[in-house]
Protein chains: 2
Amino acid sequence: MDKEKNEMCEEEIVHSASVEKVRAEMDEEELLYDVAELFKVFGDSTRTKILSALTVMELCVCDIAEVLNMTKSAVSHQLRILRQTKIVKSRRSGKEVFYSLDDEHISDIYALAIEHLKEE
Amino acid sequence: MDKEKNEMCEEEIVHSASVEKVRAEMDEEELLYDVAELFKVFGDSTRTKILSALTVMELCVCDIAEVLNMTKSAVSHQLRILRQTKIVKSRRSGKEVFYSLDDEHISDIYALAIEHLKEE
DNA sequence: ATAACAGTTGAACATTTATTCAACTGTTTT
DNA sequence: AAAACAGTTGAATAAATGTTCAACTGTTAT
């Protein structure tokens, strides 16, 4: 069943040439989903705080919680997301688990955003 | 009222030196909120699709809706977010409103993310 | 003036997601 | 072996967010 007139432009009225050109030249849909997923990870202030802290030095969960003034549980949940996306890595040392940045591309993207925001 | 023992590390056990160093050297909290807000805009596949399409060429709302196979309303809502954050700009031409990329820093960040994802 | 179309907007709805809470694992110390 | 601590995890709750729907504005054509 077709979409209603009110919700979709008529074939004739749409700039068909533009639509076709864009469809041919824009990035693959799958890649664009991945881009969104990647940025989603940075789109939370708890996680940007964790990343900023880890830019300074390696830290255990307890120290991150102390720096952010949050519970270990909340921090751990966010660290799991950062670990799963390969943005941070962890190593155990006795009872403690130390986290550090894993991906340098990520630092570059992060730094570029900071630079952009500071310029305003 | 203090947080419960179970939820916050004891002062003595936390690595106080690390915590102080990180607190002194990490980015300002306000900046980190802004970073998160900026990335949040890229953290949605509808918006990454719109940005990828506008990288190819300027487009009216109707064409974007056609390319993404979405309603004009849904696209317009997302365009508003991109406009408010100064990532895209618009110009009216008759009945149509054309959108294009506004900020080149943004294109750089976007390109860096694409590059990162393509390398894997 | 009226109809038709492009686009916008607010409210409702559905989905996602961050934090809390409680229970759990693993390591060290006594 | 038991207690103590660091960290993890799943379920529940609360908050944020994307899409739909319907009504609206603004422009052009009849």
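Remember, it's a predicted structure, so these values are computed and weren't measured experimentally. Values below: every heavy atom of this structure, side chains too, minus hydrogens, waters and symmetry copies. In the text below, chain A, chain B and the rest are named by the order of the sequence lines, each starting its count at 1.
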B:Lys118/B:Glu115 ion pair, N-O < 4.0 Å: no
Taking N or O atoms only and anything under 3.5 Å, show me the protein contacts with nucleotides 10-12 of chain D, one pair per line.
unit_1: D:dG10; atom_1: O6; unit_2: A:His77; atom_2: NE2; d: 2.8

In whole angstrom, what separates [X]'s [atom1] from [N]'s [atom2]?
{"X": "A:Arg83", "N": "D:dT8", "atom1": "CZ", "atom2": "P", "value": "6 Å"}
{"X": "B:Phe98", "N": "C:dT8", "atom1": "CZ", "atom2": "P", "value": "12 Å"}
{"X": "B:Gln84", "N": "D:dT17", "atom1": "CD", "atom2": "C1'", "value": "14 Å"}
{"X": "B:Gln78", "N": "D:dT17", "atom1": "CD", "atom2": "P", "value": "11 Å"}
{"X": "B:Glu66", "N": "C:dC5", "atom1": "CD", "atom2": "P", "value": "16 Å"}
{"X": "A:Arg91", "N": "D:dG7", "atom1": "CZ", "atom2": "P", "value": "11 Å"}
{"X": "A:Ile64", "N": "D:dG7", "atom1": "CD1", "atom2": "P", "value": "8 Å"}
{"X": "B:Met70", "N": "C:dT8", "atom1": "CE", "atom2": "C1'", "value": "15 Å"}

Which atom of A:Lys72 lies closest to which atom of A:Val61, heavy atoms considered: O-CG1, 4.2 Å
Of residues 33-49 of chain A, the positions that come close to DNA chain D - non-hydrogen atoms, cut-off under 4.0 Å: none
Nucleotide nearest A:Thr71 (side chain, heavy atoms from C-beta), chosen from D:dT9, C:dT20, D:dT20: C:dT20
Side chain of B:Ile81 (C-beta onward), nearest among C:dA6, D:dG18, C:dA18: D:dG18
Residue list, ring pair (Phe, Tyr, Trp, His ring centres under 6.0 Å) with A:His77, at least two apart or on another chain: none
B:Tyr99: which of B:Leu54, B:Leu59, B:Ile50, B:Val75 passes side chain to side chain contact (heavy atoms under 4.5 Å, CB included): B:Leu54
Pairwise ring-ring contact (aromatic ring centres under 6.0 Å, His included) hits with a residue in residues 40-66 of chain A, at least two apart: A:Phe42-B:Phe39
Give, for atom [atom1] of [X] and atom [atom2] of [Y], the distance between the pair rounded to the nearest 0.5 Å.
{"X": "B:Leu117", "Y": "A:Asp34", "atom1": "CG", "atom2": "CG", "result": "5.5 Å"}
{"X": "A:Thr46", "Y": "A:Leu68", "atom1": "OG1", "atom2": "CG", "result": "7.0 Å"}
{"X": "A:His105", "Y": "B:Leu112", "atom1": "NE2", "atom2": "CG", "result": "7.5 Å"}

Per-nucleotide protein contact string for nucleotides 25-30 of chain D, where B marks a base within reach and S marks sugar-phosphate only (heavy atoms under 4.0 Å, - for neither): -BBS--
Cluster overlap A:Phe98 with A:Ile64, hydrophobic side-chain contacts below 4.5 Å: no
Path from A:Leu51 to A:Val56 over hydrophobic side-chain contacts below 4.5 Å: yes
Any B:Ser76 side-chain N or O less than 4.0 Å from OP1/OP2 of C:dG7: no
Residue-phosphate contact under 4.0 Å: A:Tyr99 side-chain N/O, D:dA6 OP1/OP2: no
Donor on one side chain, acceptor on other, A:Ser18 and B:Asp63, under 3.5 Å: no
Partners meeting salt bridge (Lys or Arg N to Asp or Glu O under 4.0 Å) with B:Glu20 (sequence neighbours left out): none
